[in-house]
Amino acid sequence: MSATPAPTNFIRRQIDADLAAGRHDRVVTRFPPEPNGYLHIGHAKSMWLNFGIADDYGGCCTLRFDDTNPAREDAEFAAAIEEDIRWLGYRWSGIAFASDYFEQLYACAVELIEKGLAYVDSQNADDIRAGRGTLTRPGVDSPYRGRPAAENLALFEGMKDGRYRDGEMVLRAKIDMASPNLNLRDPVLYRIRRHRHQRTGDQWCIYPLYDFAHGQSDAIEGVTHSLCTLEFEDHRPLYEWFLDRLTLAKARRPRQIEFSRLNLNYTVMSKRSLSQLVEGGDVSGWDDPRMPTLRGLRRRGFTPASIRRFISLVGITRKANVIEMGQLENCVREHLEPVAPRVMAVIEPLKLVIENYPPGRTETIDAPNHPAEPGMGARPVTLSRELYIERDDFMENPPNKFLRLAPGREVRLRYAFLIRCTGVVRDAKGRAVELRCQYDPDTRHGGGRKTGIIHWVNAGDAVAAEVRLYDRLLSRADPPAGKDADFRQFLNPRSLVVRRHALLEASLAEPEPGVRYQFERLGYFFPDADSGPGKLVFNRIVTLRDSWAKIDRQRAAGG
RNA sequence: UGGGGGAUCGUCUAGUGGUAGGACAGCGGACUCUGACUCCGCCGGCGGGGGUUCGAAUCCCUCUCCCCCAGCCA
């Protein structure tokens with residue numbers, strides 16, 4: 001067992017310094033999703049950080065929904081988010097909504113107006129955009145920038161009271177239209193939006209924007225460290241600009257610290273891209289087992305612990321990164337290997353008849369549920385004259401290192417005896433449909449491993465099932481990312497392979513709820529939500545490491 | 001080409017003037033009734049160039065490359 005790396009990072013060091021300097025005497029963080037979609041594994045990084053830090057420092061972490069844009073948000077998303085957070089294993093110390101603070105935020109806006117730091121702009125969106133300038137050219141002042149405070153106050157109140165049309169005017173901070181930081185070029189604080197809000201209903205027709213709501217919400221909640229992703233770095237001066245000027249919680253200001261977001265290769269992570277997959281029908285929904293959403297990972301069979309472990313391994317820095325999917329896969333293998341009960345299942349069955357095994361006879365084998373954990377017990381497995389093996393475990397003209405079955409070759413049936421292939425029954429097209437074998441009863445407890453070992457199921461009592469084999473969503477590790485880039489052309493056509501005629505050993509007729517099984521030699525599997533009485537559907541969470549596949553690939557590549 | 005960030009093995013990450021370490025991947029081997037697991041070994045890195053210093057991934061200068069920002073989204 002390797003030593004767990006010390007869970008330190010630049011953020012924790014900053015917190016240590018803040019505590020040492022007496023800037024704060026406790027630690028308060030928050031996890032602030034917008035309830036406009038489902039959580040994905042990138043959010044897991046934020047949760048790991050925010051909840052983890054609060055926990056380790058004896059502080060608290062609230063769940064705060066950033067619900068400042070009623071046009072995009074709804075209560076169903078909020079409920080789904082809560083469910084996903086709990087599933088991942090995190091518990092919030094309190095729950096809040098930015099909309100809880102609408103009244104206070106409004107008061108903050110009034111305070112800014114009174115101080116001459118905000119004004120109502122009657123330009124339309126296009127004019128505001130034009131006036132903002134560009135990356136290299138400064139903006140120009142709005143013709144309404146000089147409105148006296150009293151007029152702004154009256155206008156803003158009118159906005160609140162619904163006396164103007166949507167988009168007719170906005171409230172802007174009066175900062176600096178020539179700032180090299182575009183966020184400081186008189187950012188919009190409030191817009192008029194007549195849209196029923198999931199929580200406040202029709203009480204408001206003006207809504208604050210993120211930049212104005214977030215920092216103040218942090219301050220109201222007593223957040224000490226506001227952790228967010230790197231793209232908000234340029235917003236920090238604005239975050240602080242408000243805090244510097246508002247009477248709200250001036251003494252103990254939250255500190256915003258940014259870290260880089262999580263990226264995984266062979267998939268996409270942005271809400272935009274994920275929506276495209278769902279809307280384009282490329283996946284079955286937000287919980288499709290191929291999706292990097294928490295719901296997708298959950299349905300696939302990933303464990304919360306493996307995801308948390310993954311995040312802890314990946315670490316927290318400010319560097320752009322793309323983590324290898326293999327890292328995540330390894331984490332779930334690492335979790336499941338010592339705990340997953342072993343069973344035998346044949347995904348693509350090929351019939352096998354043991355010619356010298358008496359018809360009608362059966363025997364029962366006690367197969368251990370785990371090779372290294374006797375405490376996990378054993379289950380009975382039936383063996384008889386007719387079995388099914390994996391089609392891949394037979395090859396007519398095997399290459400050198402093929403340790404499986406082939407005409408004339410010998411192999412061990414897992415937990416049973418050696419068999420030798422003595423004949424192949426073929427269909428009209430010459431495809432093998434049945435193997436004839438002879439077994440050697442004296443090899444039942446043979447020691448040492450001299451042949452290959454293959455798994456099998458008994459024809460008489462095997463259970464039918466559908467098995468869904470998942471692979472990476474995309475065929476390309478680094479798909480095009482931009483707004484107009486079409487990553488969908490790189491969808492992996494084999495990201496889902498359905499095997500409808502799999503056969504499982506009889507013990508799997510009623511899978512234990514919540515248990516991830518290892519199908520020996522194949523991978524880890526979990527019952528899909530589509531499973532029901534009389535219909536078994538298993539998802540492959542991840543394959544086992546497979547050095548034969550590697551040899552095979554090399555052979556194919558090298559000729 | 002304005003501003004803000006970032007560059008350490010293939011990938012992620014530790015390091016904060018004193019032997020560049022870990023994880024994953026890869027390669028080789030041992031073990032094995034899972035080509036699994038486990039174990040052992042190997043491979044492989046400080047973006048480039050200067051400077052300071054007894055000593056630099058770390059400090060200074062310079063160059064290069066990468067990411068983010070022009071929503072009344074978050």
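Per chain, numbering begins at 1; letters A, B, ... match sequence-line order.
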task = Verify side-chain hydrogen bond (donor to acceptor under 3.5 Å, both in side chains) between A/His455 and A/Arg342, making sure each step is shown before the conclusion.
result = CA-CA 11 Å; A/His455 60 278; A/Arg342 270 56 169 175; over 6 Å; no
query = Can A/Tyr524 and A/Gln518 be said to form a side-chain hydrogen bond (donor to acceptor under 3.5 Å, both in side chains), step by step?
reply = CA-CA 4 Å; A/Tyr524 295 97; A/Gln518 186 193 101; 3.1 Å; yes
task = Step by step, work out the side-chain hydrogen bond (donor to acceptor under 3.5 Å, both in side chains) result for A/Thr303 and A/His335.
result = CA-CA 8 Å; A/Thr303 59; A/His335 180 190; 2.6 Å; yes
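For A/Leu230 and B/G5, the CG to C1' distance is 6 Å, given to the nearest whole Å. Between A/Arg521 atom CZ and B/U32 atom C1' there is a gap of 14 Å when expressed in whole angstrom units. At whole-Å resolution of the value, CD in A/Glu329 and P in B/A36 are 17 Å apart. Computed from coordinates, the A/Glu233 CD to B/G5 P distance equals 6 Å when rounded to whole Å. Spacing between atom CG of A/Leu405 and atom P of B/G35 amounts to 14 Å, rounded to whole angstrom units. Atom CG in A/Asn330 sits about 12 Å away from atom C1' in B/C37, given to the nearest Å. When the C1' atom of B/C24 is taken as reference, atom CE of A/Met325 falls 14 Å away, rounded to whole Å. Spacing between atom CZ of A/Arg414 and atom P of B/C37 amounts to 14 Å, rounded to whole angstrom units.
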Considering only nitrogen or oxygen atoms on both sides, find all protein atoms under 3.5 Å from nucleotides 8-14 of chain B and state each distance.
residue	atom	partner	partner atom	Å
B/U8	OP2	A/Lys319	NZ	2.7
B/G10	N2	A/Glu324	OE1	3.3
B/U11	O4'	A/Glu324	OE2	3.1
B/U11	O3'	A/Val322	O	3.3
B/U11	O2'	A/Val322	O	3.2
B/C12	OP1	A/Val322	N	3.3
B/C12	O2'	A/Val314	O	2.7
B/U13	OP1	A/Thr317	OG1	2.7
B/U13	OP2	A/Lys319	NZ	3.4

Give me the distances for all protein-to-nucleotides 26-29 of chain B N/O pairs that come in under 3.5 Å?
residue	atom	partner	partner atom	Å
B/C27	OP1	A/Gln554	NE2	2.9
B/C27	OP2	A/Lys550	NZ	3.1

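Ionic pairing of A/Arg555 and A/Asp552 is present here: one or more N-O contacts between side-chain nitrogen and carboxylate oxygen are shorter than 4.0 angstrom. A salt bridge does not link A/Asp121 to A/Arg147: none of the charged nitrogens lies less than 4.0 Å from a carboxylate oxygen.
With P as the reference atom, B/G22 and B/G45 are 14 Å apart, rounded to whole Å. Nucleotides B/G41 and B/C24, compared at atom P, are 14 Å apart to the nearest Å. Nucleotides B/C43 and B/G48 are separated by 25 Å at their C1' atoms, to the nearest Å. Comparing the P positions of B/G18 and B/A56 gives an interatomic distance of 11 Å, to the nearest angstrom. Here the separation of B/A57 from B/A14, taken at their C1' atoms, is 12 Å to the nearest Å. For the C1' atom pair drawn from B/C31 and B/A36, the interatomic distance equals 12 Å after rounding to whole Å. When the P atom is used for both B/G21 and B/C9, the distance is 14 Å, rounded to whole Å. Spacing between B/U16 and B/G49 at atom P, rounded to whole Å, works out to 24 Å.
Between A/Tyr106 and A/Trp204, the two ring planes are tilted [angle within 30° to 60°]. The aromatic rings of A/Tyr190 and A/Phe156 lie perpendicular to each other, with more than 60° between the two planes, well past the 30° mark.
At a threshold of 4.5 Å between non-hydrogen side-chain atoms, the residues A/Tyr207 and A/Asn69 do not count as touching.
Shown here is A/Arg272, whose CZ atom has more than 12 heavy atoms of other residues, nucleotides or ligands within 6.0 Å.
The glycosidic torsion of B/G55 lies more than 90° away from 0, placing the base in the anti range.
Among residues two or more places apart in sequence or in another chain, the salt bridge (Lys or Arg N to Asp or Glu O under 4.0 Å) test is passed with A/Asp186 by A/Arg145.
Stem regions for RNA chain B, each three or more consecutive Watson-Crick or G-U pairs with both distances under 3.5 Å and listed by first number, read B:2-7 with B:64-69, B:10-13 with B:21-24, B:26-30 with B:38-42, B:47-51 with B:59-63.
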ask   = What is the per-nucleotide protein-contact pattern of nucleotides 69-74 of chain B, from the 5' end, where B denotes a base atom under 4.0 Å from a protein heavy atom, S denotes such proximity for sugar-phosphate atoms only, and - denotes neither?
value = BBSBBB
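Taking the six-membered ring for Trp, A/Phe10 and A/Phe259 have ring centres at least 6.0 Å apart. Annotation: A/Phe525 is not in aromatic contact with A/Tyr517 [ring centroid separation under 6.0 Å not met]. A/Tyr210 has its ring centre less than 6.0 Å from the ring centre of A/Phe232.
On a pure distance criterion of 3.5 Å, no polar donor-acceptor pair joins the side chain of A/Arg137 and the base of B/G2.
Within 4.0 Å of A/Glu520, counting heavy atoms only, lies at least one base atom of the nucleic acid. Here A/Gln518 lies in heavy-atom contact (under 4.0 Å) with a base. Among the heavy atoms of the strands lying under 4.0 Å from A/Phe402 is at least one base atom, whether or not backbone atoms are also near. Counting any heavy atom pair closer than 4.0 Å across all strands shown, A/Arg444 reaches a base atom. If you check every strand for non-hydrogen atoms under 4.0 Å, A/Ala416 touches a base. Within 4.0 Å of A/Arg185, counting heavy atoms only, lies no atom of the nucleic acid at all.
A cation-pi arrangement is present between A/Arg516 and A/Phe526, with the terminal nitrogen or guanidinium carbon under 6.0 Å from the aromatic centre and inside a 45° cone about the axis.
Side-chain atoms of A/Thr382 and A/Asn458 include no donor-acceptor pair closer than 3.5 Å.
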Can I get a per-line list of side-chain donor-acceptor pairs under 3.5 Å for residues 314-321 of chain A, giving both atom names and the distance, sequence neighbours left out?
residue	atom	partner	partner atom	Å
A/Thr317	OG1	A/Lys319	N	3.2
A/Arg318	NH1	A/Glu258	O	3.1
A/Arg318	NH1	A/Glu258	OE1	3.1
A/Arg318	NH2	A/Glu233	OE2	2.2
A/Asn321	ND2	A/Ser260	OG	3.3
A/Asn321	ND2	A/Arg261	O	3.3
A/Asn321	ND2	A/Lys319	O	3.2

